[in-house]
Number of protein chains: 2
Amino acid sequence: MASEASIEPVSSKTAEATDWDRLIEDVIVRSTRESERKQDRSRRTEKQILNAALRVFGRDGISRARIADIAAEAGISTSTLYEYYASKEDLAYEIPMTHLSEFFASFRDATTAEMTAREKMLVYLTMSADYAREHSEWARLLYLEIWPSVFVGETGLQANIDDFTRIIRHLVEQGMEEGWIRRDTNKYETAALIVGSVNQTIITWLLYRKPKNLTKAGVEMAERIIRMLELEAAQT
Amino acid sequence: MASEASIEPVSSKTAEATDWDRLIEDVIVRSTRESERKQDRSRRTEKQILNAALRVFGRDGISRARIADIAAEAGISTSTLYEYYASKEDLAYEIPMTHLSEFFASFRDATTAEMTAREKMLVYLTMSADYAREHSEWARLLYLEIWPSVFVGETGLQANIDDFTRIIRHLVEQGMEEGWIRRDTNKYETAALIVGSVNQTIITWLLYRKPKNLTKAGVEMAERIIRMLELEAAQT
DNA sequence: GACTTTTTCCGAATATTTTTCGATTTTATT
DNA sequence: AATAAAATCGAAAAATATTCGGAAAAAGTC
């Protein structure tokens with residue numbers, strides 16, 4: 001029994017690590033869009049459009065932003081923009097991808113196979129808040145306009161946003177195995193609690209710039225939630 | 001000392017109750033808009049517009065919805081609609097009010113002065129989820145389009161949405177006095193944790209109709225958060 | 001009840017913004 | 001250099017939001 005116990009966790013840990021790596025790689029692949037443009041000039045234009053759109057959408061919001069402004073900001077004609085994106089909506093929904101893959105990649109780089117799910121969770125939540133602070137225009141667009149939008153479901157973006165919470169759910173499952181999250185709780189509920197709390201902090205900051213230090217607030221919120229989950233798990 | 005102790009809580013409880021009543025009444029007054037129209041016919045038209053707008057915005061989202069469709073649905077001409085609301089945006093931002101005041105009022109009616117803050121908190125969170133389920137078109141508009149919008153700040157709606165979280169913060173403060181919320185925690189952080197968790201549950205339901213039973217999920221989430229806060233407070 | 005004033009409503013015109021189209025220019029290929 | 005493919009643009013069309021002047025309906029006055 002003792003020998004079994006000493007072997008079981010190891011093999012399961014290996015399996016988990018593989019699962020985990022596969023999940024992260026999948027997520028990164030799904031969120032990475034390589035350009036289908038043939039000419040360099042065109043790929044440059046593509047980037048100019050995305051940059052301009054990020055600025056204009058971030059400033060005016062999707063609804064108020066005008067295609068003509070974005071085109072002007074990108075230094076091209078309005079009709080050229082339509083050569084790249086079929087509509088304003090399409091363009092808006094393309095933007096979150098650009099940074100999401102970068103975020104997922106830097107999260108992968110910030111974690112190692114030796115880390116526990118608890119440690120990974122803390123890093124993930126902390127990085128989410130910090131990334132929003134660093135890329136506030138992008139975050140504004142994602143958290144305040146796109147994430148909650150009714151129509152995300154009609155775009156390829158849906159999967160990428162789902163991936164964000166899928167990672168949390170996976171960590172919740174591992175947290176149950178590690179024993180710091182109660183096994184008899186609903187993992188979707190737990191994930192909602194974690195994601196909701198951190199997102200609320202980010203959204204409040206985006207809207208009111210309060211609390212002043214989002215990085216600090218993100219860390220504190222993340223630590224507090226994890227601590228509370230541990231206390232819950234310690235209950236008999 | 002014993003007599004003081006028996007008096008102190010009572011007087012403080014009375015003061016709290018008054019504060020609380022004043023807060024709730026303020027909130028209800030702020031969220032109630034009485035029509036400035038002179039004729040009955042006009043007040044009827046006003047309601048028809050709001051109902052039509054709720055349906056169309058709920059179905060198509062603010063950005064895709066067309067004023068002409070709303071006017072047709074309300075059985076009036078497009079130009080008449082402009083007699084009532086200056087722009088599409090103005091109309092969209094007016095809708096949440098209509099139900100918010102009703103929600104606040106039914107919350108007031110569901111609570112009594114004898115209830116503890118803990119009980120009130122549970123009722124408030126539970127009712128929030130349940131109200132969203134009952135008025136899903138309205139909730140879609142509020143939670144998915146308006147609440148997170150960058151531009152709410154420019155409208156009178158801001159105050160009403162803030163009131164929603166103000167009530168939570170007030171209950172958090174009372175919860176600290178009652179002793180089931182740690183006094184050495186940040187009340188804004190605690191409020192964000194509570195509001196974020198419940199909202200995330202509501203938003204997920206609005207987008208995916210999961211979990212199936214929002215009422216049940218709302219109650220469970222509310223009870224769980226409160227229980228977790230109690231455990232946190234019980235820690236030395 | 002006829003007259004006047006106010007309020008409400010609508011059709012037609014205007015303004016703004018998105019989207020399409022055909023022609024032109026630039027780049028890659030042979 | 002000739003040809004094909006890709007990318008760009010200006011001008012026109014389509015879709016939508018918004019304004020305006022006057023007609024219809026209701027309310028007030030004598």
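The figures that follow rest on heavy atoms only: side chains count, while hydrogens, waters and symmetry mates do not. Below, read A as the first sequence line, B as the second, and so on, with proteins coming before strands; counting in each chain starts at 1. Source: prediction; values computed, not measured.
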Asks: Round to a whole Å and report the spacing from CZ of B:Arg64 to C1' of C:dT17.
Replies: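 Result: 17 Å.
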
Asks: At what angle, to 10 degrees, do the two end axes of the helix from C:dG1-D:dC30 to C:dT30-D:dA1 meet, given five pairs define each axis?
Replies: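 Rounded value for the end-axis angle: 10°.
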
Asks: Closest approach of A:Glu46 and A:Arg37, non-hydrogen atoms and distance?
Replies: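 Where A:Glu46 meets A:Arg37 most closely, the heavy atoms are OE1-CG, 3.8 Å.
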
Asks: Using a cutoff of under 3.5 Å, can you pull out all pairs of nitrogen or oxygen atoms linking the protein to nucleotides 18-21 of chain D, with atom names and distances?
Replies:
{"residue": "D:dT18", "atom": "OP2", "partner": "B:Tyr82", "partner atom": "OH", "Å": "2.6"}
{"residue": "D:dT18", "atom": "OP2", "partner": "B:Lys88", "partner atom": "N", "Å": "3.4"}
{"residue": "D:dT18", "atom": "O5'", "partner": "B:Tyr82", "partner atom": "OH", "Å": "3.2"}

Asks: Can you say whether the rings of B:Tyr131 and B:Trp138 are parallel (under 30°), tilted (30 to 60°) or perpendicular (over 60°)?
Replies: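 Perpendicular: the ring planes of B:Tyr131 and B:Trp138 meet at over 60°.
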
Asks: Which pair of non-hydrogen atoms, one from A:Ile70 and one from A:Ile49, has the smallest distance, and what is that distance?
Replies: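 Shortest heavy-atom separation between A:Ile70 and A:Ile49 comes out as CG2-O, 4.2 Å.
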
Asks: Which label fits B:Phe107 and B:Tyr124: parallel for a plane angle under 30°, tilted from 30 to 60°, or perpendicular past 60°?
Replies: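 Geometry flag for B:Tyr124 against B:Phe107: perpendicular rings.
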
Asks: Decide, yes or no, whether a salt bridge links B:Arg59 with B:Glu137 under the criterion of side-chain N to carboxylate O below 4.0 Å.
Replies: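 A salt bridge is absent here (no side-chain N lies under 4.0 Å from a carboxylate O).
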
Asks: Within a radius of less than 6.0 Å around OH of A:Tyr188, do more than 12 heavy atoms belonging to other residues, nucleotides or ligands occur?
Replies: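 No, not enclosed.
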
Asks: What nucleic acid atoms does B:Ala65 come within less than 4.0 Å of, heavy atoms only: base, sugar-phosphate, or nothing?
Replies: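 B:Ala65: backbone/sugar contact only, no base atoms under 4.0 Å.
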
Asks: I want to check one thing: is the phosphate of D:dA7, taken as OP1 and OP2, less than 4.0 Å away from some side-chain N or O of A:Arg37?
Replies: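 So the side-chain polar atoms of A:Arg37 do come within 4.0 Å of the phosphate oxygens OP1 or OP2 of D:dA7, strictly under.
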
Asks: Hey, what's the ring geometry for A:His170 with A:Trp20, parallel, tilted or perpendicular (30° and 60° as the breaks)?
Replies: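 It falls in the tilted class, 30° to 60°.
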
Asks: Rounded to whole angstroms, how far apart are CD on A:Gln39 and C1' on D:dA5?
Replies: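 Distance check: A:Gln39 CD to D:dA5 C1' gives 8 Å.
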
Asks: To check you understand the geometry: which heavy-atom pair defines the closest contact between A:Ile62 and A:Ala92, and what is its length?
Replies: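 Looking at all heavy atoms of both residues, the closest pair is CD1-CB, 3.7 Å.
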
Asks: In whole angstrom, what separates A:Ile62's CD1 from C:dT17's C1'?
Replies: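 Distance check: A:Ile62 CD1 to C:dT17 C1' gives 16 Å.
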
Asks: In whole angstrom, what separates A:Arg66's CZ from C:dT17's P?
Replies: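 So the two atoms are 4 Å apart, to the nearest Å.
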
Asks: Among the candidates D:dA25, D:dA17, D:dA6, find the nucleotide nearest to the side-chain atoms of B:Arg41.
Replies: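 That would be D:dA25.
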
Asks: So, is A:Tyr85 close to the C:dT19 phosphate, meaning a side-chain N or O under 4.0 Å from OP1 or OP2?
Replies: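 No, outside the criterion.
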
Asks: Should A:Thr45 be listed as having a side-chain N or O under 4.0 Å from OP1 or OP2 of D:dA7?
Replies: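 No, A:Thr45 has no side-chain N/O under 4.0 Å of OP1/OP2 on D:dA7.
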
Asks: Would you kindly give the CZ-to-P distance between A:Arg44 and D:dT8, to the nearest whole Å?
Replies: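 That distance rounds to 9 Å.
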
Asks: For the pair A:Ser101 and A:Arg33, evaluate side-chain hydrogen bond (donor to acceptor under 3.5 Å, both in side chains) and give the outcome as yes or no after the intermediate values.
Replies: CA-CA 9 Å; A:Ser101 64; A:Arg33 289 272 177 291; over 6 Å; no

Asks: Knowing that exactly one of A:Leu50, A:Thr45, A:Asp90 qualifies, which makes a side chain to side chain contact (heavy atoms under 4.5 Å, CB included) with A:Tyr84?
Replies: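 Answer to the side chain to side chain contact (heavy atoms under 4.5 Å, CB included) test with A:Tyr84 among A:Leu50, A:Thr45, A:Asp90: A:Thr45.
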
Asks: OP1, OP2 of C:dC9 versus side-chain N and O of B:Thr80: anything below 4.0 Å?
Replies: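 For C:dC9, neither OP1 nor OP2 has a side-chain N or O of B:Thr80 closer than 4.0 Å.
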
Asks: Nearest to the A:Tyr84 side chain among C:dT17, D:dT8, C:dC9, which nucleotide is it?
Replies: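 Nearest to the side-chain atoms of A:Tyr84, counting from C-beta on, is D:dT8.
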
Asks: Starting at CZ of B:Arg43 and ending at C1' of D:dA27, how long is that distance when rounded to a whole Å?
Replies: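 It works out to 13 Å between those atoms.
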
Asks: Rounded to the nearest angstrom, tell me the gap between atom CD1 in A:Ile49 and atom C1' in D:dT8.
Replies: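 Taking CD1 of A:Ile49 and C1' of D:dT8, I get 11 Å after rounding.
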
Asks: For B:Lys38 and C:dT6, give me the distance from atom NZ to atom C1', rounded to whole Å.
Replies: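 Atom NZ in B:Lys38 sits about 9 Å away from atom C1' in C:dT6.
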
